[in-house]
Amino acid sequence: FSIYVADPVGGQVAYMGVIEENNNPTLIGARLKVSGGLITEIDHLVVHSGGQPLHPNLTKVRKNLLEPVDPKERVSREKMLEIANSYYEAIIQDNGDIAPFADTCQRRENGSITANDQTQTPEEAAQDDFSVFRKMKCGEQLSTGVMSYITDINRRRFIAVDEEMGLVFVFSIFVHDGEPRVMEIKGVPGVTQRENNWGPFDLPAAHIFKIKNGKITDIEAIGYIAKHGIKNGWE
């Protein structure tokens, strides 16, 4: 499982994939900055497995993420950055209409499908209190307010833009201050509220967005739960 995002214009290359650590599968998001033929900066975000088995969705990359975008379906570098940033704004503002999602857009986080998941069996859905939201389209889900426990998404670092592949790689930190304790849910039959019992925490994350015809068609993300107030290494 390896995704490369090459950005010769910015002199950067990013990678998201599975590596081996102490005989366990481990997720990593990495970035190299190159200047004058030399590596001048390195980032890495590592999600340790804790001995858990690899998620089945992390054994093979989705085909769409590995295919070049037809030149007729590409958008400018500047537009790609704007679209990627709109995803974070859509979350913060609880408004899925802010970001241009394709109807087929699916979001995966550490391998788990967290939006537009049509794979759950009735038995699995019965054990998953997020199931009704998990089935929703990306934009539709964000407009319900189910992500309102996310206080901010800051230190957004737009690392690499691969215009040929239609990929944008971003590092960020999701900030959670523990409020609201009860989230108001909109547009979901039978669900008007959802408790937020997670308390304060932060989540360093790496995202890859696939952009085609001006819309986000795929989202691949990794991240881990960290203490509230964590730094990103450059602070």
Side-chain angles (χ1 to χ4, degrees), residues 1-18 27-35 37 39-45 57-58 60-93 95-111 113-118 136-143 153 155-172 205-223:
F1 187 95
S2 298
I3 308 171
Y4 293 91
V5 185
D7 186 351
V9 175
Q12 302 193 87
V13 61
Y15 169 82
M16 184 183 289
V18 177
L27 295 175
I28 186 169
R31 162 260 189 177
L32 302 179
K33 172 71 175 179
V34 178
S35 179
I39 297 172
T40 59
E41 293 181 2
I42 302 173
D43 282 88
H44 63 262
L45 183 152
N57 287 334
L58 293 171
K60 186 177 181 180
V61 180
R62 284 175 277 175
K63 183 180 179 181
N64 192 43
L65 288 167
L66 301 178
E67 293 182 339
V69 175
D70 187 296
K72 296 178 181 179
E73 299 179 311
R74 297 177 191 174
V75 296
S76 69
R77 178 186 183 88
E78 292 72 23
K79 187 65 176 178
M80 290 176 69
L81 289 168
E82 177 187 319
I83 290 171
N85 190 57
S86 72
Y87 170 75
Y88 301 107
E89 290 301 312
I91 294 176
I92 294 302
Q93 298 182 43
N95 184 353
D97 293 332
I98 290 177
F101 295 107
D103 285 343
T104 56
C105 179
Q106 186 180 84
R107 185 180 70 239
R108 296 186 182 185
E109 300 173 350
N110 293 346
I113 304 173
T114 55
N116 212 348
D117 181 6
Q118 308 305 321
M136 291 180 173
K137 296 178 181 179
C138 289
E140 177 188 20
Q141 182 194 84
L142 298 184
S143 293
I153 306 171
R155 286 154 287 183
R156 304 175 198 175
R157 300 172 58 227
F158 297 85
I159 296 298
V161 179
D162 190 328
E163 297 169 75
E164 180 182 352
M165 299 296 294
L167 302 177
V168 181
F169 184 102
V170 188
F171 280 126
S172 65
H207 284 75
I208 290 179
F209 302 98
K210 179 79 173 190
I211 299 171
K212 186 186 298 185
N213 281 325
K215 294 187 176 182
I216 301 172
T217 64
D218 301 88
I219 303 169
E220 195 77 46
I222 64 171

Any side-chain heavy-atom pair of Asn116 and Gln118 under 4.5 Å = yes
message = If I take atom CZ from residue Arg74 and atom CE from residue Met165, how far apart are they, to the nearest 0.5 angstrom?
response = 9.5 Å
ask   = Does atom NZ of Lys212 have more than 12 heavy-atom neighbours, drawn from other residues, nucleotides or ligands, at distances under 6.0 Å?
value = yes
ask   = Would a 4.5 Å heavy-atom cut-off, applied to side chains only, mark Ile3 and Phe169 as touching?
value = no
ask   = Above 12 or not: heavy atoms from other molecules or residues under 6.0 Å from NZ of Lys33?
value = yes
query = Distance from Phe209 atom CZ to Ile83 atom CD1, nearest 0.5 Å?
reply = 11.0 Å
key: Close side-chain approach of Ile219 to Cys105, heavy-atom, < 4.5 Å   = yes
inquiry  = So, taking the atom named CZ in Arg77 and the one named CG in Asp7, what distance separates them when rounded to the nearest 0.5 Å?
reply    = 4.0 Å
query = Thinking salt bridges, do Lys210 and Glu220 make one under a 4.0 Å N-O criterion?
reply = no
key: Closest approach of Leu142 to Ala90 (non-hydrogen atoms, all atoms of both residues)   = CD1-CB, 3.9 Å
request  = Report yes if some heavy atom in the side chain of Asn57 is under 4.5 Å from a heavy atom in the side chain of Ile113; otherwise report no.
outcome  = yes
task = Could you please spell out the steps behind the side chain to side chain contact (heavy atoms under 4.5 Å, CB included) verdict for Gln106 and Thr104?
result = CA-CA 6 Å; Gln106 186 180 84; Thr104 56; over 6 Å; no
inquiry  = Quick one, Phe171 and Arg31 - any side-chain contact, counting heavy atoms below 4.5 Å?
reply    = yes
remark   = Of all heavy-atom pairs linking Ser86 and Pro100, the shortest is OG-CD, 3.4 Å
remark   = Heavy atoms of Phe1 and Leu58 approach each other most closely as CB-O, 3.2 Å
query = Salt bridge or not for Glu89 and Arg156, using N-O below 4.0 Å?
reply = yes
query = CD1 of Ile153 to NE2 of His207: how many Å apart, nearest 0.5 Å?
reply = 7.5 Å
inquiry  = Quick check for you: to the nearest 0.5 Å, what is the distance between Ile28 atom CD1 and Ile222 atom CD1?
reply    = 7.5 Å
Side-chain donor or acceptor of Gln12 paired with backbone N/O of Ile159 under 3.5 Å = yes
inquiry  = For Leu45 versus Ala206, what's the shortest heavy-atom pair and its separation?
reply    = CD1-N, 4.2 Å
ask   = How close do Thr40 and Val34 get, heavy atom to heavy atom, and via which atoms?
value = OG1-N, 4.4 Å
key: NZ on Lys72 to CG on Asn213, rounded to 0.5 Å   = 11.5 Å
remark   = In Arg62, Lys63, Arg108, Arg107, the residue satisfying salt bridge (charged side-chain N to carboxylate O under 4.0 Å, His left out) with Asp218 is Arg62
query = Which atoms form the tightest heavy-atom contact between Asp97 and Ser143, and what is the distance?
reply = N-OG, 4.2 Å
request  = May I ask you to test the Tyr88-Val170 pair for a side-chain heavy-atom distance under 4.5 Å?
outcome  = yes
